[in-house]
Amino acid sequence: MNSLFNWIDQRTGARKLLHEVLFENVPGGARWRYVWGSTLVFCFTVQVITGLFLWLAYSPGSQTAWESVYFIQHQMTGGWFLRGLHHFTAQAMTVLLLLHLLQVVIDGAYKAPREINYWTGVLLLVLVLSLSLTGYLLPWDQKGFWATRVATNIAAITPVVGPALQQIVVGGADYGHHTLTRFFALHAGIIPGLIIAFIGLHVYLFRKHGLTPKEPRRKRDEPFWPRQVMCDAVACLAVLAVVLTLVLVNHGAPLGAPADASEQFSAARPEWYFLFLFQFLKYFPGGTEVWGAIVIPTVLLLLVGALPLLGRWKFGHRFNLGFLGAMLAGVALLTWLAVAEDRSKPEYVAAVKAADFEAERVLALAAAPSGIPTAGAVTLLRADPLVQGPKLFARNCASCHRYDGHDGLGLQPKDKQSASDLKGFASRPWLEGLLNPATVDSVNYMGGSKHKDGEMVKWVKENVPTFNASSKEQLKQALIALSAEAGLKSQKEADLRDVAIIGVGAKLLVSHDLGCIDCHTVLNKSDGGEAPDLTGFGSRQWLTAFISNPKHESFYGERNDRMPAFGADGRLTETEIGLIADWLRGEWYEPAAGGR
Amino acid sequence: MDPKDSPTQPDRREFITKACALTAGAVAATVPAAAGLFVLLDPLGRKGGGGEPVRVAALEAIPDDGVPRKFSVLATRVDAWNRTPNVPIGAVYLRRAVGGTVQAFNVVCPHAGCFVDYVADAKHYLCPCHNSTFDTEGRIQDPKSPSPRGLDELATEVRDGAVWVKFQNYRAGAKEKLPA
């Protein structure tokens, strides 16, 4: 063993190198306050290791980035853990950088002859923050997508070079494949390469000038090994413990819904350590953003860089401490203001809730047996009635209709309700309400429209109260038969169970005992009445045809109230109408019980 | 470093310090590396697809003189996170054998996985990579062929005038036919 080591040593000088690494003098003995630099080297090493392994499974492209991250997080063995480690170590690194900077400034380690070393440190700070910024986009989820767009748009307001710079970084006029390939190359190649080079220079200069001891020295000098190494190793372990706790509590790192430039995303915010810049920008009115986004932050950064020069002045060190303290207090205040403002805004809280819902939903869709198509997971959400139905309803229907008393998304529309509430449309309970004299002319049924004074309301109010027990039973059977026409998923079992009742009810629907057929076409039978055709009432075909054109002669014809012909007038596409119909009918993919 | 200042006397306390330093350092370094290795080895736990009968061609499309013809196999392709139904996942040679049965061979050479050609004039399959030859029955024709086994025959079934094949890829380079 020893001879092997000798053989290597003669050829490489490893022994001398190891000695130099381990027996660096620590003036005044090992201390816990000297650990910060080592924890940063440790974090960076963790990022390189976890990053390389993530690289083995990541695919930068608009249709594959989110999908490959989803695969890492939810399908690969231990993928969530690896990703969580990378994500939270990045956050720990930002905090440690700040602590390292504070320690250097408080101990006066930036002063001559260590100025250049200090500057390499400030540069490393900027490079690490750039790593965070570029890494935030790579999962290609809504949050990273929209937050990074803001960042690159801000870059575009840089005087003179801004627009060109933005186009180079984005890889074109708009976000796409080349944005990801560029951000990935920056994140995994260019920036880490620069960081390694600057860490080399930083450590070289640190060794050249030695550690800046905290006076008064409490003990004798001692070598780096073993006591300071022990302090450093324990500190690294403590950092790791914090990171691991965060990884386990959050089960890896968050992953939002896939990026979609056509979907509003009001929950977009940068990472928490950039929130102060985000908040700062709010105070600059249109046309002056360049001050808030570029000029002032750059001046502050230059001032941070100028601390060694300012430190030469008699009161320089105290000024530096004051300046850094004031700046950090400002950053903390702005961060707190940003968080507080968001918390108090119901729109933001609702947007976060909606974002969480879509993030959860896309996981269920991606794990479905049909899997993710090559066009990307974003198409799963675009084609999902549970996600799109409420949005389309809120935009197109909720100015008159309601869904369970709200606009589909849980909010109250500005306009007063003037048409039926469509929650459970065509179901048995919904039809019971329609055929109930007490509710038929309420705003939840026909009370809000001109049909309030129509034949249907009149029939229910005049006839139903006079029904004897047998007629009431007949009405119930007919109602069950009519509701069965819809073929609702929620009533599948009840419809199967009540096959005999439905048979009886169907006969009643077309008989003159109850009189439905006097006005309506029912089950393709007609007595020439002009009321809406109830054949297939509430089915997908019926509902899409109705939404497309309620003025069609098989529906309201000339007697249509204010409802637009969404399909016939080209207001909505066939797909969009289908999504609304499917959502109202409760037709969407649901994972089998026991699955995810 | 001034040697007088540095305590070089190894004592019990120093041993404990050294042990702690090494252990803490080792644990801190092991966690990210182990996490990465787990993910790296993930493919070992994943099985290849195949083995389900797939409709490949109409019986009529296969020449009745025993000459093989190449057909694509369309099925659901599972590629990591993507599932794409009805796309080519491979190809087979189909030929009518004696007794009206249909023989199917995976087009992939069992030697190193190249796509074999059928040479009509020579009445054999020829691998364009290392010159293995197989007769029309799929057996190794020339004993000097580098392929360790004959072409991989796949189970077939004729249903309502159509040929169904249990499509499967096999591990290349092995003497035995082992599913990939």
Side-chain angles (χ1 to χ4, degrees), chain A residues 23-25 27 30 42 45-54 56-57 59 63-64 67-68 70-72 75-79 81-86 89 220-223 225-240 243-244 247 366 369-374 376-377, chain B residues 1-52 54 72 74-89:
Chain A
F23 295 95
E24 156 84 5
N25 184 42
F42 168 69
T45 312
V46 171
Q47 293 306 75
V48 171
I49 295 172
T50 52
L52 284 172
F53 281 112
L54 285 169
L56 290 166
S59 171
Q63 276 94 46
T64 58
E67 290 72 9
S68 60
Y70 155 79
F71 200 69
I72 294 170
Q75 303 288 338
M76 296 182 87
T77 323
F81 185 81
L82 180 68
R83 195 171 159 253
L85 212 52
H86 195 73
T89 305
R220 291 193 303 168
D221 288 8
E222 64 175 312
W225 169 259
R227 288 223 310 132
Q228 187 63 51
V229 174
M230 205 252 328
C231 290
D232 287 4
V234 169
C236 293
L237 209 56
V239 170
L240 187 68
V243 168
L244 286 181
V247 173
S370 48
I372 303 175
T374 45
Chain B
M1 181 177 63
D2 183 352
K4 274 179 288 176
D5 283 353
S6 58
T8 47
Q9 193 98 47
D11 57 15
R12 204 184 159 79
R13 235 187 101 175
E14 186 150 280
F15 173 77
I16 294 171
T17 309
K18 284 180 180 173
C20 281
L22 286 174
T23 315
V27 171
T30 307
V31 170
L37 279 173
F38 255 95
V39 179
L40 177 73
L41 299 180
D42 171 83
L44 293 179
R46 293 182 186 275
K47 292 206 174 72
E52 295 297 311
V54 182
S72 292
L74 302 181
T76 299
R77 182 174 154 73
V78 180
D79 181 3
W81 52 86
N82 282 138
R83 279 182 84 88
T84 320
N86 211 28
V87 287
I89 57 163

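Order of the sequence lines fixes the chain letters, A, B, ..., with proteins taken first and strands second; residue numbering starts at 1 for each chain. Hydrogens, waters and symmetry mates are skipped; everything else that's a heavy atom, side chains included, is used. The shown structure was predicted, so the numbers you read here are calculated from the model rather than taken from an experiment.
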* **Heavy-atom pair count under 4.5 Å with chain A, highest-scoring of B/Pro85, B/Gly25, B/Ala80** =>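 Among the listed options, the one with the most contacts to chain A is B/Ala80.
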* Asked: Which residue out of B/Pro43, B/Ala21, B/Cys20 racks up the most heavy-atom pairs below 4.5 Å with chain A?
  ->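 Greatest number of close heavy-atom pairs with chain A: B/Ala21.
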At a 4.5 Å cut-off on heavy atoms, which part of [X] comes close to chain B: side chain, backbone, both, or neither?
X       : result
A/Ser68 : both
A/Thr64 : both
A/Leu52 : neither
A/Pro27 : neither

* Looking at residues at least two apart in the chain, or sitting in another chain, which of them share a salt bridge (charged side-chain N to carboxylate O under 4.0 Å, His left out) with B/Arg83? ->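 Testing B/Arg83 for salt bridge (charged side-chain N to carboxylate O under 4.0 Å, His left out), a comparison that skips the adjacent residues, returns none.
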* To do: Kindly state each residue pair satisfying salt bridge (Lys or Arg N to Asp or Glu O under 4.0 Å) with at least one member in residues 225-240 of chain A, sequence neighbours excluded.
  =>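 Matches after skipping sequence neighbours: A/Glu222-A/Arg227.
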* Of A/Val243, A/Leu244, A/Val239, which is the lone residue that meets side chain to side chain contact (heavy atoms under 4.5 Å, CB included) with A/Thr89? ->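 In the set A/Val243, A/Leu244, A/Val239, the residue that makes a side chain to side chain contact (heavy atoms under 4.5 Å, CB included) with A/Thr89 is A/Val243.
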* Asked: For the side chain to side chain contact (heavy atoms under 4.5 Å, CB included) test, which of A/Leu237, A/Thr50, A/Ile49, A/Leu85 pairs with B/Val31?
  ->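 That would be A/Leu85; it is the only one of A/Leu237, A/Thr50, A/Ile49, A/Leu85 passing the side chain to side chain contact (heavy atoms under 4.5 Å, CB included) with B/Val31.
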* Could you grab the distance from atom CE of A/Met76 to atom CH2 of B/Trp81, nearest 0.5 Å is fine? =>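 Rounded to the nearest 0.5 Å, the CE-CH2 separation comes to 9.5 Å.
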* How long is the span from the CG atom in B/Asn86 to the OG1 atom in B/Thr76, to the nearest 0.5 Å? ->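 So the CG of B/Asn86 and the OG1 of B/Thr76 are separated by 7.5 Å.
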* Who wins among A/Ser370, A/Ala377, A/Gly78 for the most heavy-atom pairs under 4.5 Å with chain B? ->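 Between A/Ser370, A/Ala377, A/Gly78, the count favours A/Ser370.
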* To do: Examine whether an atom of B/Thr84 lies under 4.5 Å from a heavy atom of chain A, and if so say whether it belongs to the side chain, the backbone or both; otherwise answer neither.
  =>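 Only the side chain of B/Thr84 comes within 4.5 Å of chain A.
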* With a 4.5 angstrom heavy-atom cut-off, which part of B/Leu22 approaches chain A: side chain, backbone, both or neither? ->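 For B/Leu22, the side chain is the part near chain A, not the backbone.
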* Show your working on side chain to side chain donor-acceptor pair (under 3.5 Å) between A/Thr374 and B/Asn82 and close with a plain yes or no. => CA-CA 6 Å; A/Thr374 45; B/Asn82 282 138; 5.7 Å; no
